Protein chains: 2
Amino acid sequence: MNMQTRTPASSPADNGYGFSDRIQRQLEHAAHLCAGQGGRMTPQRRDVLGLILTATTPVGAYDLLEQLKTSGRKPAPPTVYRALDFLLEHGLIHRIERLSAFVPCTHLQHDHPHDHSHGPAETCLHSAQFLICRSCGGVTEIADAPRVLDVLKSICGKKNFTMQSASVEVEGVCEDCAPATRGQKGPAPAPN
Amino acid sequence: MNMQTRTPASSPADNGYGFSDRIQRQLEHAAHLCAGQGGRMTPQRRDVLGLILTATTPVGAYDLLEQLKTSGRKPAPPTVYRALDFLLEHGLIHRIERLSAFVPCTHLQHDHPHDHSHGPAETCLHSAQFLICRSCGGVTEIADAPRVLDVLKSICGKKNFTMQSASVEVEGVCEDCAPATRGQKGPAPAPN
DNA sequence: GAACTAATGTAATATTATTACATATCATTG
DNA sequence: CAATGATATGTAATAATATTACATTAGTTC
Ligand SMILES: [Zn+2]
Ligand SMILES: [Zn+2]
Ligand SMILES: [Zn+2]
Ligand SMILES: [Zn+2]
């Protein structure tokens with residue numbers, strides 16, 4: 001048996017994704033988080049999370065699959081979907097329903113390497129709110145979500161509906177892209 | 001111009017879905033609504049809407065396809081998806097992203113046959129909020145949505161994000177199903 | 001190390017959705 | 001009415017997303 005307790009990172013043969021230092025720190029942070037929840041951050045899961053963290057826009061399952069193939073292994077869909085399920089369950093990523101694609105939980109992005117009291121598990125597991133830009137494809141996780149959740153909770157309370165998870169997805173044009181689309185046809189006004 | 005304004009109903013050969021009187025009234029209402037928007041309620045679209053109105057839970061595109069086959073025609077996927085696109089654009093149905101399935105806009109369900117001032121186009125086009133029951137599969141469109149939308153608008157305002165559409169989907173257990181699941185394992189507490 | 005559990009590999013298939021192009025239907029107008 | 005152009009539908013093929021079932025491997029416990 002391997003005494004070296006080889007670090008549960010990408011295997012020597014395929015850690016060639018060249019994850020930046022910043023992302024490697026985030027991956028370590030994530031590993032600690034799910035360790036605390038009794039989860040194991042395996043190489044597969046780590047690679048998938050790393051790829052999602054690296055991307056600037058939501059990543060689809062088959063995009064991940066393609067990228068993973070460039071590495072040593074030749075994974076099939078179940079491999080990716082299993083890794084995604086794990087990451088979702090541990091609050092490390094979110095699924096954008098409208099895009100059938102995945103983004104990292106924003107709490108991983110902000111470096112607070114040892115602040116486990118503010119982990120995703122407590123703040124946004126099973127519930128998240130997003131702004132999706134149609135122009136650049138960027139997705140922003142809304143930080144001041146409690147207000148939205150409070151309204152939803154109050155509505156559910158009135159209807160005796162037991163909320164287990166909730167997703168809010170707003171589609172439109174982000175601040176950076178607004179100038180580009182201005183004057184062309186003008187984005188539709190907000191609903192209602 | 002056609003004076004007879006021949007009713008855009010299912011063609012004689014295939015109106016055998018047996019839509020109830022109530023649903024036929026809703027279909028007529030819908031026809032008026034989209035006529036007002038310059039849209040044509042063709043037999044295909046009418047049949048698809050009728051099937052969605054008839055179902056008690058969200059209906060998938062391929063479910064619709066199967067049901068349509070029992071009628072005279074032998075439609076293919078594009079037929080259904082085109083009808084769905086039309087109905088979505090005219091605010092007559094909504095897509096539940098989490099289920100890849102479709103429900104009627106609740107404004108069609110409440111009979112107000114001639115009140116076009118309160119049509120879907122004005123109240124919920126491009127934006128809707130739902131409670132999805134995991135137990136019975138039922139979906140409820142939230143009526144007092146303005147509060148949710150107001151919070152979202154305020155958030156978007158702060159971030160200079162131009163909202164074009166928004167969807168809110170809350171998953172959990174509805175009032176009717178709560179007794180059934182009580183004591184088994186208990187639904188997870190609400191997020192946050 | 002045996003036994004158990006968790007994770008991964010593998011092949012096949014299921015489900016949802018779109019593309020591209022041909023045909024038909026409807027409204028307008030000469 | 002015939003020609004036209006726009007809208008809608010038919011059809012075949014394929015793309016994109018996701019799951020099932022079962023075999024194998026790796027980690028953990030005893
Ligand atoms: Zn999050
Ligand atoms: Zn943008
Ligand atoms: Zn509606
Ligand atoms: Zn229910």
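Labels below follow one simple rule: chain letters A, B, ... track the order of the sequence lines, proteins then strands, and each chain is numbered from 1. Here the structure is a predicted model, which is why all the values come from computation and not from measurement.
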Polar atom pairs (N or O), protein with nucleotides 4-8 of chain D, under 3.5 Å:
unit_1: dA8(D); atom_1: OP1; unit_2: Arg45(B); atom_2: NH1; d: 3.2
unit_1: dA8(D); atom_1: O5'; unit_2: Arg45(B); atom_2: NH2; d: 3.4

Got a list of protein N/O to nucleotides 15-19 of chain D N/O distances below 3.5 Å?
unit_1: dA18(D); atom_1: OP1; unit_2: Arg95(A); atom_2: NH1; d: 2.6
unit_1: dA18(D); atom_1: OP1; unit_2: Arg95(A); atom_2: NH2; d: 2.7
unit_1: dA18(D); atom_1: OP2; unit_2: Tyr81(A); atom_2: OH; d: 3.0
unit_1: dA18(D); atom_1: O5'; unit_2: Tyr81(A); atom_2: OH; d: 3.4
unit_1: dA18(D); atom_1: N7; unit_2: Tyr62(A); atom_2: OH; d: 2.5
unit_1: dA18(D); atom_1: N6; unit_2: Tyr62(A); atom_2: OH; d: 3.3

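One distance of note links CG of Leu92(A) with NE2 of His107(A); it measures 12.0 Å at 0.5 Å rounding. Taking OG1 of Thr106(A) as the reference point, atom CD of Glu141(A) lies at 5.0 Å (rounded to 0.5 Å). Distance SG/Cys133(B) to CZ/Phe161(A): 6.0 Å, rounded to 0.5 Å. Once rounded to the nearest 0.5 Å, the distance linking SG of Cys105(A) with CG of Leu87(A) reads 11.5 Å.
In this structure, Arg98(B) places its CZ atom 18 Å from C1' of dT16(C), rounding to the nearest Å. Rounding to whole angstrom units, CG of residue Asp47(A) and P of dA7(C) are separated by 16 Å. One atom, CZ of Arg82(A), and another, P of dA11(C), lie 13 Å apart when rounded to the nearest Å. As a whole-Å value, the separation of Leu87(A) CG from dA7(C) C1' is 14 Å. With rounding to whole Å, Leu68(A) atom CG is found 10 Å from dG9(C) atom P. The distance between atom CE of Met41(A) and atom P of dG27(D), rounded to the nearest whole Å, is 16 Å. The NZ atom of Lys69(B) sits 12 Å away from the P atom of dT11(D) (whole-angstrom rounding).
Neither OP1 nor OP2 of dT9(D) sits under 4.0 Å from any side-chain N or O of Thr79(B).
Donor-acceptor pairing under 3.5 Å is lacking for the side chains of Arg22(A) and Thr54(A). A side-chain donor from one of Ser165(B) and Arg98(A) sits under 3.5 Å from a side-chain acceptor of the other. Side-chain contact, Ser20(B) with Arg25(B): no donor N or O sits under 3.5 Å from an acceptor N or O.
For His94(B) and Phe102(B), the distance between ring centers is not under 6.0 angstrom.
A heavy-atom distance below 4.5 Å is found between the side chains of Phe130(A) and Ile96(A).
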